[in-house]
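What you see below is based on every heavy atom in this structure, not just the backbone, and it leaves out hydrogens, waters and symmetry mates.
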Amino acid sequence: MPTYAFDHRHYWIADGSAPRTGAEPAEPTEQAGPAAPPAGLAERLAALDEADRAAHVLEVVTEQTAAVLGHADARAVDPERPFAELGFDSLTAVELRNRVNRVSGLTLAATLVFDHPSPSALAEYLRARLSPENEQSLDDLFASIDSELGPEAS
């Protein structure tokens with residue numbers, strides 16, 4: 001059986017380049033925004049007051065959102081506009097989650113963009129997660145769980 005029908009390459013109209021196949025190595029992606037170590041964002045937030053924390057986290061989220069969407073400037077992203085209206089789909093949502101994971105040092109769910117539907121909602125969630133007031137020792141956590149379960153759980 002001739003295989004020539006499967007041997008030709010498809011070219012994208014926009015730039016004339018051939019699509020990548022799985023066998024080719026992925027090109028390195030350009031990082032936008034701060035390339036901080038995992039604990040960097042939490043440390044920077046701890047040094048700021050509450051109002052500055054909210055503004056800084058929103059800035060980080062809009063920078064990462066702009067980078068995923070291919071915008072050169074974070075000001076192109078309206079923080080109140082839902083991610084779906086900005087053009088996010090499941091693939092770009094995971095890409096944003098991965099970028100936010102790297103910048104924040106957190107491990108976030110793949111449904112992050114769908115759980116927090118706008119950049120401002122996502123920034124508020126991250127601010128709450130990274131806030132120094134929310135740090136709780138394991139002993140405190142276990143004590144609160146034990147108190148909720150009551151003595152019959154022991």
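Side-chain atoms of E80 and S120 form a donor-acceptor pair, as typed in the model, at a separation below 3.5 Å.
Linking Ile, Leu, Val, Met, Phe, Trp and Tyr residues whenever their side-chain heavy atoms come within less than 4.5 Å places L69 and V60 in a single cluster. Using a 4.5 Å cut-off between side-chain heavy atoms of Ile, Leu, Val, Met, Phe, Trp and Tyr, with links allowed through other members, V113 and L106 fall into the same hydrophobic cluster.
The structure places CG of L130 at 9.5 Å from OH of Y125, a figure rounded to the nearest 0.5 Å. Rounded to the nearest 0.5 Å, atoms CZ (R97) and OG (S104) are 11.0 Å apart. Atom CG of L96 is separated from atom CG of L112 by 6.5 Å, given to the nearest 0.5 angstrom. Atom CD of E124 sits about 13.5 Å away from atom CZ of R129, to the nearest 0.5 Å. Note that CZ of R53 and CG of L126 are 14.0 Å apart. Values are rounded to the nearest 0.5 Å. Rounded to the nearest 0.5 Å, atoms CZ (R127) and CG (L58) are 11.5 Å apart.
Two residues are said to be in side-chain contact when any heavy atoms from C-beta on lie closer than 4.5 Å; E63 and V103 fail this criterion. For the pair T92 and D89, the minimum side-chain heavy-atom distance is below 4.5 Å.
Residue P79 comes nearest to P119 through the heavy atom pair O-CD, 3.3 Å, listed as atom of the first residue, atom of the second, then distance. Considering all non-hydrogen atoms of both residues, F114 and A93 come closest at CE1-CB, 3.9 Å. Shortest non-hydrogen contact noted between A66 and A74 is CB-CA, 3.7 Å.
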